[in-house]
Amino acid sequence: MFTAIVLIKTSSDRIPEVAQEVSDIRGVTEVYSVTGEWDLIAVVRVHQHERLADVIADQLSKVEGVESTSTNIAFRTYSTHDLDAAFSLGIDD
C-alpha cells in the first residue's frame, strides 16, 4: 500500500465543494478541512505506485477550485495504538 498526504490550496469560495469532489475520487480515503497555510489535506491510499499519479495529477489537481497542491509520500505508517500512546494526555477511557 502506498500512502500520500496531499496539501491543497483552493479558491476560498469553493472549499466545501472541492473537499466533496476530492473525497469522491477513488483512492482518496480522507479529506480534512484545516487551518493554516493550506485549506484541505487529502489522504490517498493506492496499491500501485503508478496509481498515485492517476489520482493526484490526473484527477485531484484538476478539480475546479484547486489552486495548488504539495504531495508528501509516506515512508512508514505507525499504528493507531502507537499514536494514541505518543499523544496521550493521561486521560483514561
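Heavy-atom minimum distance, Glu37 versus Lys9: O-CE, 3.4 Å. Across all their heavy atoms, Ser33 and Ile15 have their closest contact at OG-CG2, 4.4 Å. The shortest heavy-atom contact between Arg26 and Val55 is O-CG2, 3.5 Å. A pairwise comparison of heavy atoms in Val46 and Gly27 identifies CG1-CA, 4.4 Å as the closest pair. Closest approach of Ile25 and Gln59 over heavy atoms only: CG2-OE1, 3.3 Å.
Note that the CD1 atom of Ile41 and the CD1 atom of Ile5 stand 9.0 Å from one another [nearest 0.5 Å]. In this structure, OG1 in Thr10 is found 11.0 Å from CH2 in Trp38, a value given to the nearest 0.5 Å. Ser12 OG to Asp39 CG: the interatomic distance, rounded to the nearest 0.5 Å, is 8.0 Å. Put simply, CZ on Arg45 and OG1 on Thr77 are 7.0 Å apart, with the number rounded to the nearest 0.5 Å. Atoms OG1 and CG, on Thr69 and Leu40 in that order, are 11.5 Å from each other to the nearest 0.5 Å.
Of the possible polar contacts, one joining the Ser61 side chain to the Ile56 backbone as a donor-acceptor pair under 3.5 Å is found.
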*Just do the side-chain contact (heavy atoms from CB on, under 4.5 Å) check on Leu52 and Ile73 with the steps written out, would you?*
CA-CA 9 Å; Leu52 288 173; Ile73 306 297; 3.7 Å; yes
Evaluate side-chain contact (heavy atoms from CB on, under 4.5 Å) for Leu60 paired with Ile8, printing each intermediate quantity in order.
CA-CA 9 Å; Leu60 188 152; Ile8 305 167; 3.9 Å; yes
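Paired with Glu21 under the rule side chain to side chain contact (heavy atoms under 4.5 Å, CB included), one option of Val28, Val63, Val66 passes, and it is Val63.
If you chain together hydrophobic residues whose side chains sit under 4.5 Å apart, Tyr32 and Leu7 fall into the same group.
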